[in-house]
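Accompanying notes for the structure given below.
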Amino acid sequence: MRLYDTQRSGNAWKVRLLASFIGQPLERRTLSIDKGDLETPEFRAIARFRQVPVIEMADGRTIAESAAILFFLAQGTDWWPKDPSEQADVLSWMSFEQSAHMHPLAQLRLHRALHPDWKVERGDVEEWERKANRALAVLDERLGQVEEGNWLATGSQPSIADIALYPYTRMARMGGIELDDKPNVLSWLKRIESLPGYSALFPGKAELNESVVES
Ligand SMILES: N[C@@H](CCC(=O)N[C@@H](CS)C(=O)NCC(=O)O)C(=O)O
């Protein structure tokens, strides 16, 4: 199975994390947004939304969108619960990640760390900050309500909801969003990082998770 990603894509990191936790080999095809790799006809033929991550199977089928890929890879593993109400809870957190969490955090990281040269409106930055802080407060509150050591949606067993929320929370500080006042988030991040099979953004180099360097 092949994964189309970019070096620092948090959405693709979700896929690599799950693959690493479940022992699913992935052949990485790492593209560059800056070089226009996502705008070529070849990539468009694979990626209907012209974004990474996308996976491509040996028979040519492709799956786009991190949530859909996580869902697909997690089938038959403990990362996707069997109970329908737990499944719904996992989907609820993954939907929250896509609608309220990922976008403001990703935009702040792009603006403050990866592309500080890009012009953005001050009003946009303030809005991203407000939304990012709100989303992280929701996450911290939830993690404070679950039993100690438990996970977002599935009790004592982590799920793809934890994976979906992990990368952009982990990299929040790159966008100027502090986590020090979010003790439940901080301990949850540590627990994910201590799971067997954890894979850093730059594999084997966890110290680069919040870095702007290329490798
Ligand atoms: N909802 C999508 C978002 C994917 C996304 O934002 N991908 C970014 C990289 S992290 C991308 O491809 N950006 C390039 C572009 O949009 O042109 C997902 O969860 O997979």
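FYI, the numbering just counts along the sequence from 1. In each ligand, atom 1 is the first atom listed, and ligand 1 is the first ligand listed.
Considering backbone and side-chain atoms alike, S66 places an N or O below 3.5 Å from some N or O of ligand 1. Any N or O atom pair closer than 3.5 Å counts here, and T6 shares no such pair with ligand 1. In terms of polar-atom proximity, defined here as any N/O pair under 3.5 Å, S9 makes no such contact with ligand 1. Backbone and side-chain nitrogen or oxygen atoms of V52 are examined, and one is located within less than 3.5 angstrom of a nitrogen or oxygen of ligand 1.
When only non-hydrogen protein atoms are considered, atom 16 (O) of ligand 1 lies nearest to Q51 NE2, 2.9 Å. Scanning the protein for heavy atoms near atom 13 (N) of ligand 1, the closest one is I33 CD1, 3.7 Å.
Selection from E65, E97, R50, M102 by nearest heavy atom to atom 2 (C) of ligand 1 gives E65.
R29 has no carboxylate O lying under 4.0 Å from a charged side-chain N of E56, or vice versa, which leaves the two without a salt bridge. In this structure, E126 does not pair ionically with R130, as no charged nitrogen and carboxylate oxygen lie closer than 4.0 Å. Ion pairing between D59 and R61 holds under the 4.0 Å rule for side-chain N and carboxylate O.
Counting heavy atoms closer than 4.0 Å to ligand 1, residue Y168 contributes side-chain atoms (C-beta onward) but none from N, CA, C or O.
The 12-atom threshold is exceeded at CD of E178, counting heavy atoms of other residues, nucleotides or ligands nearer than 6.0 Å.
Close approach of ligand 1 to L38 is summarised as follows: ligand atoms under 4.0 Å from at least one heavy atom of the residue are 12 (O), 14 (C).
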Stepwise side chain to side chain contact (heavy atoms under 4.5 Å, CB included) test for Y168 and H103: CA-CA 9 Å; Y168 288 97; H103 181 75; over 6 Å; no
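Heavy-atom distances between P53 and ligand 1 reach below 4.0 Å in at least one pair.
With a 4.5 Å cut-off on side-chain heavy atoms, L139 and L152 count as touching.
Between the side chains of W188 and D162, at least one donor-acceptor pair of N or O atoms lies under 3.5 Å.
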